[in-house]
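Reviewing the structure listed below.
For the numbers below, each heavy atom of this structure counts, side chains included, while hydrogens, waters and symmetry mates do not. Because the structure is a prediction, the values reported are computed rather than measured.
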Amino acid sequence: MRTHWCGELRPAHAGQTVSLCGWVARRREHGEHLAFIDLRDREGIVQCVVDGSVDVRNEWVVRVTGVVRIRPEGTANPDLATGEVEVGDCTVEVLSTAEPPPFPVDDRIEADEAVRLRHRYVDLRRSRMQRNLRARAVANSALRRSMEEQGFIEIETPMLIASTPEGARDFVVPSRLQPGSFYALPQSPQLFKQLTMVGGIDRYYQIARCLRDEDLRADRQFEFMQLDVEASFVGQDEIIACISEAIRACTRAVTGTELGEIPRMSWHEAMERYGSDKPDVRFGMELVELTEVFAATGFKAFAGQVVKGIRVPGGAELSRKRLDDLTDKAKRWGAKGLVWMRVQEESLDSPVAKFLTDDELAGIRRALEATPGDLLLLVADERRVVQHVLGLLRLELGRPPLTEGGLNYLWVVDFPLFEGIDDDGRPVPAHHPFTMPHPDDLDLLTSGDPEDLLRVRSQAYDLVLNGWELGSGSVRIHRRDVQQTIFGLLGIDEEEARARFGFLLDAFRYGAPPHAGFAFGIDRLVALLVGEENIREVIAFPKTQSGADPLTNAPSPVDPKVLAELGLRVLPPSG
RNA sequence: GGUCCCGUGGUGCAGUUUGGAGUGCACGCCGGCCUGUCAAGCCGGAGGCCGCGGGUUCAAAUCCCGUCGGGACCGCCA
C-alpha cells in the first residue's frame, strides 16, 4: 500500500512517485482548484497538494499517491522536517472516515488527562506519546543489549506465584482448580531470581512486570517494569558497576548524553544533608546541624532536642499565610512545630526570637550562612523527624522542575539493616530479610543491645535520579547461620520461615553461591530521560490514581457464574 | 485513612473572591467563498443538566453541605 513514510521525504526523493498512508492532520482548501493535505504517520507530517477539491476531514485515514517535488520558491516550511518538499499531483483514496477527535491531535493544546486516557488510541497519535513510547522502546532495547554484552541471560519467571505476606499488598488471583486458594501476582521476581543463582545461571536478567497493590502516585502504577538483575560470585561493587554500565548505555541511547562515573553517597550522609534516602542533589538548601548551638538553651522547644535548619534564599518575602501553611504541613509531617526566621540586616525576625540568646541567634546566622532576605526554617525533635520534615520542606520550597539541572544519578549505599524497632521490640527490616549485613557489623547483630542493631549497616544500595528512587538491590545472605540470626532477630521462627520461604531455604541447602542483585524501574527512568514528571506519560495504557482504566472500564464486576466457579462470594459494601 | 487543587458547548480557558438572564474569548464542528497555503483566510451557523444531589436565598456557575470523577501530596509502597 505504501512506499514511504510521510516523515522521511526529503529533497533527495524529488521526482519519485510515492504512495503514503496516514491520518489527515490538517487540510487547507482553496476552492475547487487547489487543496493541501498535511498527512501524518508515525514518522512525521508531509504536505500533499491536490489539484482540485478533495472531500476529506481531519483524522480520516487515507492513501495518497503523488510525485515528490521541491516546494516552489518561498513556500518551504521550516517547522516541518519535510518542509522543503511536498507531494504534488496527488490522488487521494479514503481508507477510513473518522468522527472529529474528542480533543485535538496536536501537542500544542493540552487536553484533560481523563479524556486523553478514555481515548488513548487518539492520544497515542500525538507526537508527545509517539516520542515517549519510542524512547521507551529504545531504552528497553539498550538495556537488553547492555545486559547481554555483560554476560547476563534473560530468564522469564512466572506471573502466578505463591503469596508471601512480606512487603507490599499483593494482587491476588483465585484458583479455579483449588477453590479457596489463591495465587499472587509478583511484586518482583525476587525469590525466583535467587533460585536461578542456585540453578547455576550465574548472571540473570529480566525486563520484568511487577505488581503491587498500593496507592498510585505520579511515579507509581499498580504495574510497572523493572530491569531485574542478579549475579553470582559478586559483591556490591560488581553489581553497581554492571547496573551503572546499563544505565550509561540506556542514557546514551535515549538522550545522547555520555555519563561519567555515578557518584556514591552513604545513606547516613544523605539523611543528614538532604533529609531523604533519595536526595535530589540538583539544588542546595541542605540541612544544617544546629544541635550544638542550642546545647545549653533555655528555650524549651529546643532543649535536649536534635535541631537542624535549612536556609531558603530570598525566602523572607514569603507571606505570613504561606509561613502558617508551611507550619501546618510540618506538623502534618510529624513535627511538633516549625520555627521560621526572616533574616534582616541586624536581627532575625521570628516569633521565637525573644526566647533565644544573642549567642544563639548569632550561632544560627553563622551556621546557616544567612544573608539578609533569607528565610530560615528550624525543626527540633528526634533526629529522624527533623530529617524527614526538613527534607520535605526543602523539596517543597526548592525543588526545580524535573527537566532542569541535568541527570544527577546517585548511588546511595550503606543503608541500615533495620530502620527502627517496632512496638514488640522487634527490629524492622529496611530491605528484605535476605539482605546481607555489612561484614564489619556482624558483631553488632549479636550484642543484644537494640541500639547496636540500628547501627548495623547492610550491603544494600539504591540508585537515585533527581530525587526519584530508581531502584534498589543488595548482597543476599547465602550463609545459613547468618540467615538464622536475622530470622531470629525478626522473630521469624523455624516453622514460620519454612512456611514463608521454605523453597528458598531448601534450595540454599543444595549449594548456594554468594550472590547479589538489583532492580530498577524502567517507567521512572524513561520518564526522567524524556523529561516527563509523570510515568503515565511513558506508559501506553496507564491507570488513573484510583486504579481505574477509563478506556476499558477496568476494574469491573464479573459474572456470578465466574465467582461460583471460583468458590467466591462478594460481600455487600461495608459502611 | 488524611490534606489540598480542579470539574463551565467537542477542546482549551475566562467568569466564582463581592449571588442578579448561560455572559465572553480561542480552537474545533456544519454551510458558503477562495489557485500556494501551512495552527490558511473571509462570511454565516449550530452547539450548554456550568459533574451530580441537597441546602441557603426573591434569585446560585458563583455561597454552604454531601457525593462522583480527575490530579498533587502525606500515610502506605520490605
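Of the two residues near RNA chain B, D79(A) and P102(A), the one whose nearest nucleotide lies more 5' is P102(A). Where E86(A) and P429(A) meet RNA chain B, the nucleotide closest to each residue was compared, and E86(A) sits on the side nearer the 5' end.
A 6.0 Å sphere centred on CD of E84(A) holds no more than 12 heavy atoms belonging to other residues, nucleotides or ligands.
Remark: D123(A) pairs with R116(A), R120(A), R126(A) by the side chain to side chain donor-acceptor pair (under 3.5 Å) rule, at least two apart or across chains. Every residue two or more places apart in sequence or in another chain that forms a ring pair (Phe, Tyr, Trp, His ring centres under 6.0 Å) with H30(A) is listed here: F36(A). For H438(A), the ring pair (Phe, Tyr, Trp, His ring centres under 6.0 Å) criterion is met by no residue, not counting sequence neighbours. Annotation: side chain to side chain donor-acceptor pair (under 3.5 Å) contacts of R332(A) (sequence neighbours excluded): none.
Under the Watson-Crick and G-U wobble criteria, each requiring two contacts below 3.5 Å, nucleotide U3(B) is paired to A72(B). Base pairing analysis places A61(B) opposite nothing; no Watson-Crick or G-U wobble pair with both distances below 3.5 Å involves it. Under the Watson-Crick and G-U wobble criteria, each requiring two contacts below 3.5 Å, nucleotide C33(B) is paired to G41(B). Under the Watson-Crick and G-U wobble criteria, each requiring two contacts below 3.5 Å, nucleotide U56(B) is left unpaired. G12(B) is paired with C25(B) under the criterion used here, namely a Watson-Crick or G-U wobble arrangement in which both key atom distances are under 3.5 Å. Base-pair partner of G47(B): not found among the strands shown (Watson-Crick or G-U wobble, both distances under 3.5 Å).
Nucleotides G24(B) and U16(B) place their C1' atoms 15 Å apart, quoted to the nearest Å. When the P atom is compared between G44(B) and G22(B), the two are found 26 Å apart, to the nearest whole Å. The gap from the C1' atom of C77(B) to that of C5(B) amounts to 24 Å, rounded to the nearest Å. Taking the C1' atoms as reference points, C25(B) lies 14 Å from G9(B), given to the whole Å. If you take atom C1' in A46(B) and the same atom in G31(B), they sit 10 Å apart, rounded to whole Å. Comparing the C1' positions of A61(B) and C6(B) gives a spacing of 15 Å, expressed to the nearest Å. Of the P atoms belonging to C29(B) and A21(B), the separation is 33 Å, rounded to the nearest Å. Atom name C1', nucleotides G45(B) and U57(B): the rounded distance is 38 Å, in whole Å.
Below the 3.5 angstrom threshold, one finds a donor paired with an acceptor across the side chain of Q47(A) and the base of U37(B). At a cut-off of 3.5 angstrom, the base of G10(B) holds no donor-acceptor pair with the side chain of E99(A).
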- prompt: Tell me, for nucleotides 25-33 of chain B in 5' to 3' order, what letter each nucleotide earns: B for a base near a protein heavy atom under 4.0 Å, S for only sugar-phosphate near one, - for neither?
  reply: ----SSS--
- request: Classify every nucleotide of nucleotides 69-76 of chain B by which part a protein heavy atom approaches to under 4.0 Å, writing B for the base, S for the sugar-phosphate alone and - for neither, in 5'-to-3' order.
  value: -SBBBBBB
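The distance between atom CG of L326(A) and atom P of U3(B), rounded to the nearest whole Å, is 19 Å. What separates CZ of R108(A) from C1' of A39(B) is a distance of 5 Å, to the nearest Å. Taking atom CD1 on I37(A) and atom C1' on C38(B), their separation rounds to 13 Å, with Å as the unit. The CG-P distance, from D213(A) to C77(B), rounds to 12 Å in whole Å. In this structure, H30(A) atom NE2 and G41(B) atom P are separated by 10 Å, rounded to whole Å. Across the protein-nucleic acid pair, L34(A) atom CG and U35(B) atom C1' stand 5 Å apart, rounded to whole Å. Remark: P of U37(B) and CG of L80(A) are 15 Å apart, rounded to the nearest angstrom. Taking atom CD1 of residue I70(A) and atom C1' of nucleotide G36(B), one finds them 16 Å apart after rounding to whole Å.
Closest approach of A35(A) to E29(A), counting heavy atoms only: CB-CG, 4.0 Å. Residues A168(A) and E214(A) come closest through the heavy atom pair CA-OE2, 3.5 Å.
Screening I535(A), D280(A), L525(A), L463(A) for a side-chain contact (heavy atoms from CB on, under 4.5 Å) with W468(A), the sole residue that qualifies is I535(A). The only option from H515(A), E230(A), R476(A) that meets the side-chain hydrogen bond (donor to acceptor under 3.5 Å, both in side chains) definition with Q194(A) turns out to be H515(A).
Contact annotation for A430(A): backbone-only contact, meaning every heavy-atom pair under 4.0 Å involves sugar-phosphate atoms and none involves a base. Base contact: R69(A) has a heavy atom under 4.0 Å from a base atom. Base contact: A76(A) has a heavy atom under 4.0 Å from a base atom.
The main-chain N or O of L402(A) is found under 3.5 Å from a side-chain atom of E533(A) such that the two form a donor-acceptor pair.
The side chain of R71(A) places no N or O atom within less than 4.0 Å of a non-bridging phosphate oxygen (OP1 or OP2) of G36(B). Of the side-chain N and O atoms in R28(A), one or more sit less than 4.0 angstrom from OP1 or OP2 of A40(B).
For the pair R394(A) and F283(A), the cation sits on the ring face: its NZ or CZ lies under 6.0 Å from the ring centre, inside 45° of the axis.
Ring orientation note: the planes of H432(A) and F434(A) are tilted relative to one another, at an angle of 30° to 60°.
For U37(B), the base is stacked against the aromatic ring of F36(A), per a cut-off of 5.5 Å between centres and 30° between planes.
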